[in-house]
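Bear in mind the structure is a predicted one, so any value in this text is a computation, not a measurement.
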Amino acid sequence: MKTKKFLAAFVIVLMFTVSCAYANVTEQQALSDQRIAPYVEVTKQQGASLLPGRYAHVKEIMSRVNTAEKINAASSLIIEVGQFDSESNAYPSNFDIYGENLAPCYITFDASGAVPIMRTYVAGEGDEYEMVAEDFAVVMPEGGNKYAWLLGSTETGEVRYMFPLNDAWFPDDWYEEDWQCADGSQISLDDGVISSNGQALGTYVISDNRIAIKDAAGNRDVIYCIYNPDNETLVMTFTSGPNGMGENAGVFTEMEDAPKPQTPPTPPTPQKPKGPVFKAPKPKQPTAPSKTDSQGFPKFPGPAAPQASLEGVWQAMLNGQQLVMQFQGNNYYLWLNGQPAEMGTFQRNGNVLSGVISNTGKPFRNTVNVDPSGSSFTLTDSNGVGITYYKVQ
């Protein structure tokens with residue numbers, strides 16, 4: 001199966017759960033649903049302008065408290081809707097599936113009928129696109145930039161939601177708290193360290209509504225979240241659970257006097273930033289970072305032996321500020337004045353450096369020119385701005 005076909009099929013599984021309760025839902029049936037009817041007119045007026053954006057996808061997922069019930073919770077899918085394209089008469093979009101490639105698609109929005117309709121198309125054979133979803137769609141505004149979309153399948157009647165990944169739903173530090181679920185589960189997220197019932201589990205990095213976790217053994221996992229700032233509850237979706245439980249979700253509320261980690265990791269002491277070093281000081285043995293700080297960064301790198309490739313530690317000065325860059329395998333880390341600023345993964349193909357910024361989930365594509373001596377390289381971004389880095393000896 002081709003990659004694009006696999007991704008499209010995977011997205012369909014995420015978005016739709018087969019239901020025998022409905023068959024070809026009519027507009028009249030949709031209008032009789034009080035989750036839809038009150039928002040039809042405002043959707044016809046504002047829906048087209050509100051649609052572009054980046055959304056967390058929410059569907060029914062098995063409750064970890066009562067496995068016989070389902071609750072609305074975030075899936076592993078993020079839907080990114082671009083600005084309207086008049087040439088295609090659609091919204092160029094992407095399905096962002098964590099751990100997979102982006103799956104491009106097109107979304108159309110038709111508000112001419114009794115109930116607005118949203119249709120999703122993925123690439124088929126040749127230049128044709130195949131419709132994989134058709135939904136009654138209404139936007140539910142709550143004032144300002146706080147709103148959500150309700151999607152009801154015209155085929156099955158199943159309802160899903162799209163929550164904008166903006167400050168209205170995910171304000172600063174929405175995740176940083178001690179949380180407890182009705183099943184007794186406890187999770188604490190504090191300064192990059194995740195713990196449960198007083199036991200440190202590892203470190204975490206936030207990307208959109210995703211909490212990417214790494215334990216001491218290097219194992220990785222992801223928790224998908226929806227936060228309700230009105231009642232300060234956090235719905236977390238887990239890929240696995242106790243006693244062989246598969247995908248499950250729970251509603252977590254803030255708790256007081258949560259047990260603190262018994263043996264919290266000791267953050268490293270960052271070195272004092274220095275000016276650019278262009279002359280090689282007395283060589284020292286390379287120091288392989290083994291500890292990580294609270295943001296998942298390796299310990300601020302010490303001097304490294306010169307190498308002909310990008311592997312190693314480099315530094316530059318930009319507008320009076322010190323930049324330190326480390327390349328390690330297919331990972332990179334960037335410090336600004338001694339403080340972690342950015343991290344991500346990359347691939348190098350000749351003089352093209354491309355990858356994804358882990359902090360934000362945004363892809364990048366830059367040009368890199370390495371001096372034949374291996375002592376410096378110039379990194380030029382898509383705007384034509386170049387920065388020259390020098391090898392730290």
Side-chain angles (χ1 to χ4, degrees), residues 1-16 50-59 74-85 87-109 118-135 137 149 151 160-166 169-170 205-213 220-226 237 239 247 330-332 342-349 352-367 381-383:
M1 181 180 291
K2 296 181 180 179
T3 301
K4 67 180 181 180
K5 290 290 188 180
F6 171 79
L7 289 175
F10 184 49
V11 169
I12 294 170
V13 170
L14 282 174
M15 292 185 67
F16 309 107
L50 290 176
L51 184 54
R54 190 167 171 85
Y55 297 91
H57 175 254
V58 172
K59 64 174 186 176
S75 73
S76 60
L77 174 66
I78 286 177
I79 302 172
E80 188 167 7
V81 183
Q83 295 295 326
F84 181 77
D85 175 34
E87 183 175 346
S88 62
N89 201 31
Y91 298 82
S93 304
N94 278 304
F95 290 131
D96 180 349
I97 309 160
Y98 197 88
E100 300 287 342
N101 297 321
L102 294 179
C105 62
Y106 280 93
I107 291 177
T108 64
F109 179 70
M118 187 183 297
R119 298 180 178 92
T120 304
Y121 298 82
V122 299
E125 299 299 330
D127 296 330
E128 295 183 355
Y129 275 73
E130 301 173 358
M131 187 178 74
V132 296
E134 183 181 61
D135 299 286
W149 283 86
L151 307 180
R160 292 104 50 221
Y161 299 88
M162 299 194 311
F163 283 78
L165 291 166
N166 58 24
W169 289 107
F170 296 90
V205 175
I206 301 297
S207 175
D208 292 312
N209 66 324
R210 299 158 172 169
I211 304 174
I213 303 168
R220 298 178 183 272
D221 203 352
V222 182
I223 301 174
Y224 306 96
C225 303
I226 286 294
T237 302
T239 56
E247 183 184 56
N330 287 327
N331 299 302
Y332 77 90
E342 183 179 303
M343 62 187 293
T345 58
F346 74 95
Q347 290 182 338
R348 182 184 175 190
N349 185 7
V352 176
L353 200 68
S354 59
V356 177
I357 303 173
S358 299
N359 313 52
T360 62
K362 294 182 178 179
F364 66 84
R365 181 183 175 89
N366 298 332
T367 301
D381 63 20
S382 57
N383 296 319

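How far OH of Y224 is from NE2 of H57: 13.5 Å, rounded to the nearest 0.5 Å. Note that CZ of F346 is 6.0 Å distant from CG of L353, once rounded to the nearest 0.5 Å. Between E134 atom CD and L151 atom CG the span is 12.0 Å, to the nearest 0.5 Å. Expressed to the nearest 0.5 Å, how far OG1 of T345 lies from CD1 of I357 amounts to 10.0 Å. One distance of note links CD of E342 with NZ of K362; it measures 10.5 Å at 0.5 Å rounding. Rounded to the nearest 0.5 Å, atoms CZ (F163) and CG (L165) are 11.0 Å apart.
Annotation for Y332 and V356: closest pair CE2-O, 4.4 Å, computed over non-hydrogen atoms. Across all non-hydrogen atoms, the minimal contact from G82 to S93 is N-OG, 4.0 Å. Minimum interatomic distance between L102 and P104 (heavy atoms only, all atoms of both residues): O-CD, 3.5 Å. When all heavy atoms are compared, the tightest approach of F364 to N366 is CD1-ND2, 3.8 Å. In terms of heavy atoms, R210 sits closest to L77 at NH2-C, 4.2 Å. Closest of all the heavy-atom pairs between G124 and E130 is CA-OE2, 3.7 Å.
Salt bridge annotation for D381-R365: absent, with no cationic side-chain nitrogen under 4.0 angstrom from a carboxylate oxygen. Salt bridge annotation for R54-D96: present, with a cationic side-chain nitrogen under 4.0 angstrom from a carboxylate oxygen.
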Do V222 and I211 pass the side chain to side chain contact (heavy atoms under 4.5 Å, CB included) test, and can you show the C-alpha distance, the side-chain angles, and the key distance before you say yes or no?
CA-CA 6 Å; V222 182; I211 304 174; 6.0 Å; no
Pair T120-M131, side chain to side chain contact (heavy atoms under 4.5 Å, CB included): steps then yes or no
CA-CA 6 Å; T120 304; M131 187 178 74; over 6 Å; no
Stepwise, does the side chain to side chain contact (heavy atoms under 4.5 Å, CB included) test hold for Y55 with V81?
CA-CA 8 Å; Y55 297 91; V81 183; 4.1 Å; yes
In sequence, state the C-alpha distance, the side-chain angles, and the governing distance for I213 and I223, and then conclude on side chain to side chain contact (heavy atoms under 4.5 Å, CB included).
CA-CA 8 Å; I213 303 168; I223 301 174; 3.6 Å; yes
Dump the intermediate steps for ring-ring contact (aromatic ring centres under 6.0 Å, His included) on Y106 and Y121, then the final yes or no.
CA-CA 5 Å; Y106 280 93; Y121 298 82; 8.4 Å; no
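The shortest side-chain heavy-atom distance between D208 and I78 falls under the 4.5 Å cut-off. A 4.5 Å side-chain heavy-atom check between M118 and I107 finds at least one atom pair inside the cut-off. A heavy-atom distance below 4.5 Å is not found between the side chains of R160 and V58.
N209 contributes a side-chain N or O that, together with a main-chain N or O of C225, makes up a donor-acceptor pair within less than 3.5 Å.
You'll find the ring centres of F109 and W149 inside the 6.0 Å limit.
Qualifying side chain to side chain contact (heavy atoms under 4.5 Å, CB included) partners for D221, counting only residues two or more places apart in sequence or in other chains: T239. Every residue two or more places apart in sequence or in another chain that forms a ring-ring contact (aromatic ring centres under 6.0 Å, His included) with Y91 is listed here: F84.
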